[in-house]
Amino acid sequence: MPRLVLIDGSSYLYRAFHALPPLTNSAGEPTGALFGVVNMLRATLAEQPDCAAFVVDAPGKTFRDDLYPEYKANRSAMPDDLRAQVQPMCEIVQALGFPILRIDGVEADDVIGTLALEAARTGTDVTISTGDKDFAQLLQPFESGGSIRLINTMSGSVLDTDDSVMAKFGVHAHQIVDMLALMGDTVDNVKGVDKCGPKTAAKWLAEYGSLDGVITNVEKIGGKIGENLRAALPRLPLNRELVTIKTDVALDSAAHELNLRPRDVDTLKILYARYGFNAALKELGGTPPPSASERKVSMRGTEAGWARTGAAPVEPPDEKLGQKGTYETILTREQFAPWLAKLQAAGAFAFDTETDSLDALCANLVGLSIATEAHAGAYIPFGHDYPGAPAQLPRDEVLDALRPLFADASKKKIGQHGKYDLHVLRCHGVTVHGYDEDTMLESFVFNAGASRHDMDSLAKRYLGYDTVRYEDVAGKGAKQIPFSHVSVEDATRYAAEDADVVLRLHSVLRPKLAAEPSLDAVYRDIEIPLVPVLERIEANGILVDAAELRRQSADLGKRMLEAQQQAIALAGRTFSLDSPKQVGQLLFDELKLPVQVKTSTGQPSVNEEALEALADLHELPKIILEYRGLAKLRSTYTDKLPDMVNPNTGRVHTSYHQAGAATGRLASSDPNLQNIPIRTDDGRRIRKAFIAPEGRRIVALDYSQIELRIMAHLSEDPNLLKAFGSGADIHRATAAEVFGKAMDDVSNNERRAAKAINFGLMYGMSAFGLAKQLGIGRGEAQDYIALYFSRYPGVRDYMERTRQDARDKGFVETVFGRRLHLENIHARNQGLRAGAERAAINAPMQGTAADIVKRAMIQIDRWLADVGGRALMLLQVHDELVFEADTAFVDDLIAGATQRMAAAAELRVPLLVDAGTGANWDEAH
DNA sequence: AGCTGCCCGTAC
DNA sequence: GACGTACGGGCAGCTA
């Protein structure tokens, strides 16, 4: 049977553009989308179809625009970087031998629909290659024996039968248009039924068969969503028409001659070379341009084509990388022996632990997986316990055999989020040295902006591979079973794959980092050495006086009750003070107080600012604020923290997320110990419950104004440098400069204003924001800012330089070379773009501070290892480190740690550290 | 019952 | 629209 492939070029172009990082070739031309499309086309050709066409949208109005003027109205113009790739794409498509179809006044979808149906009716097997699910509506049986199937080469998914459509969407293929009509399509500005997603639409269609059936039975559908449906009724017939792909477009004869031409190898070589598609070039027998020596010279520049982002592209995953490996379950000594030999012979190995708990500090080791080469791995179960479980090797025997390998620093260990495994192994008496590579951290340093750095996401992103997920073998939610109850077969395909995938990811990520020396240094010198440091800090934990917190909870509860009673008396009815919705109804609907602040979604806000603004009009807002302050402290801190005390250690162990914040800061959770209150007296009291054990003291060391000092360093502003050099109170000095006074004459209010300016600057704040912050007019705020910049022109220049840098390069970097890519720096949407600019201003300062603190932690940890447990590092709160130390060691600790913190960077200004000590964290400030 | 988005508030 | 980076609690509504 003849085969025809129809490629939805427009859909791929957009998807590749948004899915891939913004790449450029050596001439600075954008190539990201091109790259994605070319790889897709090469994959298509490898299938050797008889006929094919590359179909793209043509400019001009279509019948849908006539039907519905707002069609695609909220779609922004094609980004310049994408537009620039259209012509080169056409050239490559031509050279590859694909006919290109571009028909004025007809969308690509309708051209594809028409050709597909026609061909299938005449007995052709049609493949539509697209990223757009809407095409599922075309699937149907044909008398001729022809067929239509969909393939999405970016996700690898295939839809070829009604059953597969049902599995994916929960409706039959012929119901797809009805489902789309109900759901709507935000991208095309087709407004469906509010709150109706695929599930709801599928439910209705299963019940009533079709859109018409749903419309007939509209009164039977209850609840809010029923109302939404009735409100949307008039739109639905039009929606249906808009989402229906046309299959009867008039096409001229050329559109029916879809023969592939032989590819034009010479032209392709030129084009591939020009755009830096080296893998594709090599396939043609061409030589990738740079020789090894040239490569070295130009690597940091433009040769590889990634200068704009400094990030290598997500290469077309080498096909082999995305294939399943072969995995072995080790149940006997005979099976274990050859693996042990492999580990002993290998210079490096990947490993992963499996446990029965997410909490590493009380987790039991259930099994361990290892891999020494890609596509192979072994799982050694020893704690699986379920009816019919096979006999397993004794845990201690396995650990004893592996212990020397883990302890040998010259044997490199590779992991993914290895801090967890380090915890688990240490709890089981296995010390790990030489933990040298971590794929999570490689990914984080390579592209901190990416939202996820978990293994499943990385495998998908860098290998094009779908891993077996934890929930696939252990279930999730209420149905989750402990890993020890998972069959060793399931456990093996999950766990051994993990170790294997770590190796494969490392083989992809390692060269990407190696190509960027500054990123490699951040990874090698900061992130990797920090792993064991954080592991120790987390394991140390901090002693918490749970009884004290419970007393505070009781006290807060009493005061909450009083506030609540007052509030209800004032309101004249009961309501929940915890519910923003109910508070809003009461204040604005019933009491008719004026709405002065709105939330981001346009609702009347009842936040602190809003309630403060109403305080003069009514007594109630004040009471609600009082209640809310107390409730926050109680629910988040005094109630929660006692529950978090680890029963084994009697201490609270937070976890630090090393790949948490895009700027390079750590984040803390479970519990978050980086947002313990300090500003109010009630809040501050909570810090009294963080205590040192008998014979020890809490020591808190914090950098003084570290981010402002970094701003001085980066901007090289003479006035700012001078102020820090002289050791003056920086906010007072700023006020003196801005208001033209002697330091001693600066009023408290002027200092407050100067402080707000200083902080605002680091966050990219506008005059509007400063005015709001200070409660002054916008003009006045603008004057302050102008005055500031006239006194500190270096700061103004620096800010502008940073914005420009971000626009030119697509990223900003810290003093130590850590990068933050700014996805939205060229966004059409002004809000997004402005946000990216503010992030660009802030990231070098916040990120450099983070780098410095991390460097200090590494040095201090090394030093503390030598003093034999007389002091422990307990917490990091961005610019502060908290320790507990033997009373007799406190002075030594302060001297030694302070010195290392101050020496963690050499800036144009000194780094000052304030020290405090006491029986608890509050006293240590 | 579990998940998600929203609103709000804590830290640096 | 308007100040950067996080985490988390409670509510409310949706999904399963």
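Computed from heavy atoms alone, side chains included, the values below leave out hydrogens, waters and symmetry copies. Numbers restart at 1 for each chain; the letters A, B, ... are given by sequence-line order, proteins then strands.
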> Please give, in whole Å, the distance from B:dC12 P to A:L761 CG?
Replying inline: 20 Å
>> Under the rule for side-chain hydrogen bond (donor to acceptor under 3.5 Å, both in side chains), what residues qualify as partners of A:S715, not counting sequence neighbours?
In response: none
> Atom OH of A:Y656 and atom P of C:dC7: how far apart are they, to the nearest Å?
Replying inline: 13 Å
> For A:Y763, what residues pass the side-chain hydrogen bond (donor to acceptor under 3.5 Å, both in side chains) criterion, not counting sequence neighbours?
Replying inline: none
>> With a cut-off of less than 4.0 Å, is there a side-chain N or O of A:R628 near OP1 or OP2 of B:dG9?
In response: yes
>> Distance check needed: C:dA6 P versus A:H878 NE2, whole Å only.
In response: 10 Å
>> Distance check needed: B:dG9 C1' versus A:E608 CD, whole Å only.
In response: 8 Å
> What is the distance, rounded to the nearest whole Å, between atom CZ of A:R833 and atom C1' of C:dA2?
Replying inline: 14 Å
>> Whole angstroms only, please: what is the CD-C1' distance between A:Q564 and C:dG10?
In response: 14 Å
> For A:S605 and B:dC8, is the shortest distance between a side-chain N/O and OP1 or OP2 below 4.0 Å?
Replying inline: yes
>> Please confirm whether the shortest side-chain N or O distance from A:T599 to OP1 or OP2 of B:dC7 is below 4.0 Å.
In response: yes
>> So, OP1 or OP2 of C:dA12: does either fall under 4.0 Å of a side-chain N or O from A:S579?
In response: yes
>> Would you say A:Q876 and A:Q674 are linked by a side-chain donor-acceptor pair, where the criterion is simply a distance under 3.5 Å?
In response: yes
> Can you tell me if the side-chain N/O atoms of A:R665 get under 4.0 Å from OP1 or OP2 in B:dC12?
Replying inline: no
> Are A:K581 and C:dG13 close enough that a side-chain N or O sits under 4.0 Å from OP1 or OP2?
Replying inline: yes
>> Measuring to OP1 and OP2 of C:dG10, would you say a side-chain N or O of A:Q582 lies under 4.0 angstrom away?
In response: no
>> Between P on C:dG4 and CZ on A:F759, what's the gap in Å once rounded to a whole number?
In response: 15 Å
>> With side chain to side chain contact (heavy atoms under 4.5 Å, CB included) as the criterion, how do A:I537 and A:L874 come out once you've worked through the C-alpha distance, each side chain's angles and the decisive distance to 0.1 Å?
In response: CA-CA 5 Å; A:I537 293 177; A:L874 307 184; 5.6 Å; no
